[in-house]
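So the structure is just underneath, and the comments pick up after that.
Values in this document were obtained by computation on a predicted structure and should not be read as measured data.
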Amino acid sequence: MASKANRANIGREEISGAHDARIPQKFLDLMATGWRAEEDLDLTPVPQVEHLARRRARLSQAFPGDTLVIPTGSHRSRTFGAPYEFRAGSDFLWLTGDQEPHAVLVMHATSAGHDAVLYVQPRLNHTAGADYLDRMDGEIWHGRRLSPEEKSAILGIATRPLGELPAVLASLAGSDRVRVLRGYDTHIDGGMERGALPVTPENTERDAMLASVLSELRLEKDEWEIAQLQEAVDATILGFEDIARRLRPDAPTPERYIEGIMTWRARIAGNSLGYSSIAAGGPRSTILHWSHNNAVVEPGQILLMDMGIENNNGYTADVTRVLPVSGTFTKAQRDVYDIVHASRTAGLAKMAPGTAFAEIQATCNRVLAEGLSSLGILKGSVEEAMDPASIAYRRWSLHGFGHMLGLDVHDCGHARPEYYGGGVLRENHVLTMEPGLYLQPHDELVPEELRGIGVRIEDDVLITAGGNTLLTAALPTESHEVESWLAAQREAGPREPGLDGN
């Protein structure tokens, strides 16, 4: 990080890349001259600028007197010379709105609270010498980026050049009033070049508490975040419609084709995917995290799709639907599907402020266990299967009823148990409801006609003062509604997504 920020001072003479030729000074001089002045940017503050300030104020109140260091991360390499697309760290993004790599937020402790300063890369334009030509960060390769001053105007936060950060962190060395969000920036995790913030037994607990509190602050979504999540859900629903319109009822359809349709929808809408899509045909529907998507779904089989589009501000949907490829569920498929739907319905009825996660889990699991018993799969009683010493029903379910959703598909994962799985729902939590049954094709405890059927129904749910609201309500879930919806999509026929996302 620091070396990137200081290249102009170091006097680099090579473009990044181990096999690039040295650059003669005359070429550098040529590249530094003859450029027209750039047009001014629109520096209107981002819509969530007031929310960003309120979030930082809440974090400040949680750690009076402590300096907080929160990096966003850097590029990671997929293969030699080919980086992954950068995605900002979720906690950092929630606090700053900045989506560019290498930046670090420092909350400097003061007697009145904290002064928030965002340390960011300077521009690497034609005035930056060899750095203008850098393959990873040079603007001639990647386009214009915002200067620190421009970011300050747009994001509503004080900014400083990243090159100043090492000295700032060095001044904190040895302090027991510093907390660092670890795991995002290898230079900071390694203690920087000057050994400023190394990991020690003494600071490990302090740093872990910072990560936990950030997750806990993010649990309750503000109105802007809820709108972002609805936007991501709406785009995802359009993707499911696109798939239904192209899914062949009378011929095999490659799973990667199905995956590609959702990816296409995401990119056309100006978004990306929140996680690896699952397009699981037939017996692969029983594999909970099937993401190879390298087989085909056949007529007569079911297709399980677990997919979610992430919008431009980093909020993701997480939706699962199961379709009967031929248009109608078989009796065996419907029997399993309807049990999962009943579990979903029972769980949703419990989702309201003050309800314990454990109560919702138990409600969903009991309906699943009763359904397994009705199918002749459970050999003992439902009570025996539900006994904590047995949990026999879990052989065919395995996962919980849901998880938090937001900037991460499994959001707020560092929250302490009493605020999450061991706690209760609160107003403006957003989470999934996703019970499932997975009857493996090689499971001899399952009647033969039911083997190879996997069903998960996943909705995105906002907890409200009076109960809950389904963000995914526009996508049907009852088996007969799914059949009617699939028929209607096929009748409408494929569409070319327009620039407005429709």
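A salt bridge between Arg395 and Asp443 is present, with a side-chain N of the basic residue lying under 4.0 Å from a carboxylate O of the acidic one. Ion pair Arg344/Asp338 not flagged as a salt bridge, since none of the NZ, NE, NH1 or NH2 atoms sits closer than 4.0 Å to an Asp/Glu carboxylate oxygen. Ionic pairing of Glu100 and Lys151 is present here: one or more N-O contacts between side-chain nitrogen and carboxylate oxygen are shorter than 4.0 angstrom. Salt-bridge formation is detected for the pair Glu255/Arg284: a Lys NZ or Arg NE/NH1/NH2 atom is positioned less than 4.0 Å from an Asp or Glu carboxylate oxygen. At a threshold of 4.0 Å, the pair Arg144-Glu150 counts as salt-bridged, since one of the basic side-chain nitrogens sits closer than that to a carboxylate oxygen. The residues Arg179 and Asp207 are annotated as not salt-bridged, no charged nitrogen and carboxylate oxygen being separated by less than 4.0 angstrom.
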Worked verdict on Asp137 versus Arg123 for salt bridge (charged side-chain N to carboxylate O under 4.0 Å, His left out): CA-CA 9 Å; Asp137 294 312; Arg123 291 195 59 196; over 6 Å; no

Walk me through whether Arg54 and His51 qualify under side-chain hydrogen bond (donor to acceptor under 3.5 Å, both in side chains). CA-CA 5 Å; Arg54 281 198 292 268; His51 292 292; 2.8 Å; yes

Run the numbers on Arg55 and Asp91 for salt bridge (charged side-chain N to carboxylate O under 4.0 Å, His left out), then give the verdict. CA-CA 10 Å; Arg55 295 168 194 170; Asp91 294 308; over 6 Å; no

Verify salt bridge (charged side-chain N to carboxylate O under 4.0 Å, His left out) between Arg87 and Glu310, making sure each step is shown before the conclusion. CA-CA 11 Å; Arg87 203 278 194 178; Glu310 178 181 285; 3.3 Å; yes

So Ser90 and Asp408, side-chain hydrogen bond (donor to acceptor under 3.5 Å, both in side chains) or not? Walk me through it. CA-CA 7 Å; Ser90 294; Asp408 294 322; 2.6 Å; yes

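Between the side chain of Trp290 and the main chain of Ser285, no donor-acceptor pair closer than 3.5 Å is present. A donor-acceptor contact shorter than 3.5 Å links the side chain of Arg451 to the backbone of Val446. Here the side chain of His142 pairs a donor or acceptor atom with the backbone of Met136 at under 3.5 angstrom. Ser397 places a side-chain N or O within donor-acceptor distance of the main-chain N or O of Gly436, the cut-off being under 3.5 Å. A donor-acceptor pair is defined here as one N or O able to donate and one able to accept, closer than 3.5 Å; such a pair exists between the side chain of Thr96 and the backbone of Asp98. Side chain of Asp185 to main chain of Pro71: no donor-acceptor pair is present (N/O by atom type, distance under 3.5 Å, no hydrogens or angles). Between the side chain of Arg490 and the backbone N or O of Leu247 there is at least one donor-acceptor pair closer than 3.5 Å.
Within the structure, ring-ring contact (aromatic ring centres under 6.0 Å, His included) contacts touching residues 295-332 (residues at least two apart or in different chains) are Trp224-Tyr315, Phe329-Tyr337.
Using cut-offs of 30° and 60° on the angle between ring planes, the pair Phe357 and Phe401 is tilted.
Taking the six-membered ring wherever Trp is involved, the centroid distance between the rings of Tyr438 and His399 falls below 6.0 Å.
When only modelled atom types and interatomic distance are considered, Ser215 and His414 share no side-chain donor-acceptor pair under 3.5 Å. Side-chain polar atoms of Gln228 and Asn311 form a donor-acceptor pair below 3.5 angstrom. Defined by atom type and a distance below 3.5 Å, a donor-acceptor pair is missing between the side-chain atoms of Glu139 and Asn125. Of the N and O atoms on the side chains of Tyr184 and Asp189, not one donor lies less than 3.5 Å from an acceptor on the other residue. Side-chain contact check for Gln440 and Thr286: at least one donor-acceptor pair (N or O, by modelled atom type) lies under 3.5 Å. In summary, the side chains of Asp318 and His403 do present a donor paired with an acceptor at a separation below 3.5 Å, with no hydrogens or angles considered.
Partner of Thr253 under the side chain to side chain contact (heavy atoms under 4.5 Å, CB included) criterion, chosen from Glu298, Arg246, Arg248, Gln301: Arg248.
For Trp485, there are no ring pair (Phe, Tyr, Trp, His ring centres under 6.0 Å) partners two or more places apart in sequence or in a different chain.
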Side-chain donor-acceptor pairs under 3.5 Å in residues 39-47, sequence neighbours left out?
unit_1 : atom_1 : unit_2 : atom_2 : d
Asp42  : OD1    : Thr44  : N      : 3.0
Asp42  : OD1    : Thr44  : OG1    : 2.6

